[in-house]
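Structure, as C-alpha cells:
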Amino acid sequence: MMPAATMKHYLQFKDFSADEYAYLFERAALIKKRFKTYEKYQPLADRTLAMIFEKASTRTRVSFEAGMYQLGGSVVHLTTGDSQLGRAEPIEDSARVISRMTDIVMIRTFEQAKIERFAEYSRVPVINGLTNEFHPCQILADIFTYIEHRGSIAGKTVAWVGDGNNMANTWLQAAEILGFKVHVSTPSGYEIDEKLAVGPGGASAGSYQFFSNPMDACRGADLVTTDVWTSMGYEAENEARKKAFADWCVDTEMMAAAKPDALFMHCLPAHRGEEVQADVIDGPQSVVWDEAENRMHVQKALMEYLLLGRIA
C-alpha cells in the first residue's frame with residue numbers, strides 16, 4: 001500500500017493538474033498501442049480493483065473490468081444487492097473494510113458526497129466512475145479522443161448542447177485546467193450550477209460562455225457534444241424533458257455551424273432522434289466508438305498512475 005502522503009484519489013476532474021493530464025494522455029496512448037499490438041503489459045499483477053455500482057452500468061463496468069484484467073490485476077464486482085453504501089452499514093465503515101482487502105476502488109453512485117466520504121476513510125485510491133455531479137473518467141476519455149484525432153485541445157472550443165448535468169459540470173472543470181473554451185447551451189430550467197461545476201474560487205470568465213440558442217453555441221466549435229436528455233435518477237421527468245429539450249437535438253444544421261472539421265461526441269447510450277440525429281451520430285464527424293473504447297485505455301493509465309505513480 002502506498003504511503004498516505006502520496007496516495008491520490010480521482011473524484012473530480014480538478015483533482016489533477018494540467019501536467020498530470022499531459023502525463024496520463026501520454027501513458028494512455030502508449031498503453032493503447034500495446035493493446036492494439038497484443039503486447040502483454042501487466043504492471044498491476046496481484047492488485048485488486050473493487051468496483052461498487054449503485055447505478056447501472058455497461059461501458060463503465062466493461063472498461064474498468066477488462067482494463068484491470070489486461071493490466072494483470074483482478075476485480076471484485078459489487079452491486080446494490082451486495083453492498084448499499086450507507087444503508088447496510090455506514091459509508092465510513094464500508095470504506096475501512098473494503099480498502100483493507102483491495103488495492104483500488106471505483107465507485108459509481110448518486111451523490112458526490114457519498115464518494116467523498118468513502119475516500120476520506122479509504123486506505124487506497126478511489127476513482128469516481130460517475131456521480132450525479134461529475135463524470136471525470138468520461139471527460140478524460142473524450143479529451144484523449146480529441147487529441148488522437150486533432151491534436152492538443154488547448155485554445156479550442158467545445159460546444160455542450162443539452163442538459164446541465166454531470167458531464168457539463170466536468171467539461172467546465174476541464175476547460176479551466178487545460179486551457180480551452182466551453183460554449184454551453186441548455187434549455188431554461190436545466191442550466192449548469194456554476195458553483196457546483198467550478199467550485200470555490202470559480203473559473204476564469206474566458207473558459208466558458210452560456211448561449212440560449214444551441215445553434216449559437218455550436219458556431220465555430222471544434223467539438224460538439226451532448227448527452228441523453230434524461231439522466232439516471234430523473235426518469236420521472238422524462239416527458240417534461242422531451243418537451244423542454246425539443247430544440248436541443250444535435251442535428252446536421254448544428255454541425256454545419258461548427259468548424260468544417262469539428263468532431264461529434266456522445267458518452268452513450270444514445271437515443272437517435274432525441275438528443276442527436278442519426279445522421280450526426282452515424283455520420284463522418286462522429287467519433288463516438290473511438291470515444292467509448294478510449295474509456296478503457298485512459299482508465300488503465302489512471303489506475304497505473306494511482307497505484308504506481310509516474311513510470312519513468
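Along the sequence shown, the residues carry numbers beginning at 1.
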Working to the nearest 0.5 angstrom, can you tell me the gap between [X] [atom1] and [Y] [atom2]?
| X | Y | atom1 | atom2 | answer |
| --- | --- | --- | --- | --- |
| T37 | R34 | OG1 | CZ | 8.5 Å |
| Y21 | I139 | OH | CD1 | 10.0 Å |
| W160 | C218 | CH2 | SG | 12.0 Å |
| I127 | Y10 | CD1 | OH | 9.5 Å |
| Y146 | T225 | OH | OG1 | 13.0 Å |
| E26 | I311 | CD | CD1 | 12.0 Å |

*asked:* Could you tell me if R310 sits above the aromatic ring of Y23, with its cationic atom closer than 6.0 Å to the ring centre and no more than 45 degrees from the axis?
replied: yes
_Could you work out, with side-chain hydrogen bond (donor to acceptor under 3.5 Å, both in side chains) as the rule, every residue matching D15, not counting sequence neighbours?_
none
Would you say [X] and [Y] make side-chain contact, with heavy atoms under 4.5 Å?
| X | Y | answer |
| --- | --- | --- |
| K243 | E239 | no |
| L302 | F16 | yes |
| H135 | L130 | yes |
| N128 | I107 | no |
| F210 | V182 | no |
| T109 | K55 | no |
| T252 | V280 | yes |
| L308 | R47 | yes |

*Apply side-chain contact (heavy atoms from CB on, under 4.5 Å) to the pair T186 and F245, showing each step before the final yes or no.*
CA-CA 8 Å; T186 65; F245 284 79; 5.8 Å; no
Say whether, by atom type as modelled, one donor and one acceptor occur between the side chain of [X] and the main chain of [Y] under 3.5 angstrom.
| X | Y | result |
| --- | --- | --- |
| S207 | K181 | no |
| S99 | A95 | yes |
| N166 | T131 | yes |
| S63 | T60 | yes |
| D222 | T157 | yes |
| E191 | G189 | yes |
| T145 | A141 | yes |
| S185 | F211 | yes |
| N165 | A168 | yes |
| Q209 | V184 | no |

*Worked verdict on L49 versus M303 for side-chain contact (heavy atoms from CB on, under 4.5 Å)*: CA-CA 9 Å; L49 164 70; M303 290 190 290; 4.0 Å; yes
Smallest separation among heavy atoms of [X] and [Y], with atom names:
| X | Y | answer |
| --- | --- | --- |
| P125 | K8 | CB-O, 3.2 Å |
| A301 | L24 | O-CD2, 3.6 Å |
| T48 | T102 | O-CB, 3.7 Å |
| V228 | D163 | O-CB, 4.5 Å |
| M296 | A66 | SD-CB, 3.9 Å |
| M265 | D142 | CE-O, 3.3 Å |

*Other residues, nucleotides, ligands: >12 heavy atoms within 6.0 Å of E253 CD*: no
*asked:* For the CG atom on N213, are there more than 12 heavy atoms of other groups (residues, nucleotides or ligands in this structure) within a distance under 6.0 Å?
replied: yes
*So E293 and K36, salt bridge (charged side-chain N to carboxylate O under 4.0 Å, His left out) or not? Walk me through it.*
CA-CA 12 Å; E293 179 191 330; K36 294 295 186 184; 2.8 Å; yes
*Do K32 and E148 pass the salt bridge (charged side-chain N to carboxylate O under 4.0 Å, His left out) test, and can you show the C-alpha distance, the side-chain angles, and the key distance before you say yes or no?*
CA-CA 11 Å; K32 182 174 181 177; E148 274 191 326; 2.8 Å; yes
Would you kindly say whether [X] and [Y] are connected by a side-chain donor-acceptor distance under 3.5 Å?
| X | Y | value |
| --- | --- | --- |
| Y41 | E304 | yes |
| N132 | K114 | no |
| R272 | Q277 | no |
| E20 | Y305 | yes |
| N169 | Q12 | no |
| T226 | E275 | no |
| D216 | H183 | no |

*With side-chain contact (heavy atoms from CB on, under 4.5 Å) as the test, would you mind laying out the steps for F118 and V126 before giving the verdict?*
CA-CA 8 Å; F118 190 104; V126 177; 3.9 Å; yes
*Those residues that, when tested against H9, pass ring pair (Phe, Tyr, Trp, His ring centres under 6.0 Å) (two or more places apart)*: none
Is there a continuous path of hydrophobic side-chain contacts, each under 4.5 Å between heavy atoms, that joins [X] to [Y]?
| X | Y | answer |
| --- | --- | --- |
| Y121 | M7 | no |
| L223 | V298 | yes |
| L140 | V288 | no |
| I115 | I98 | yes |
| W171 | V250 | no |

*Does F13 have its ring centroid less than 6.0 Å away from the ring centroid of F134?*
no
_Is the distance between the ring centroids of H297 and F144 under 6.0 Å?_
no
*E54 and R108: CA distance, side-chain angles, deciding distance, salt bridge (charged side-chain N to carboxylate O under 4.0 Å, His left out) verdict*: CA-CA 6 Å; E54 291 204 307; R108 185 179 177 96; over 6 Å; no
*For L44, which of Q70, M68, K300 qualifies under side chain to side chain contact (heavy atoms under 4.5 Å, CB included)?*
M68
*Residues K14, E176; criterion side-chain contact (heavy atoms from CB on, under 4.5 Å); working and verdict*: CA-CA 9 Å; K14 67 180 181 182; E176 177 70 1; over 6 Å; no
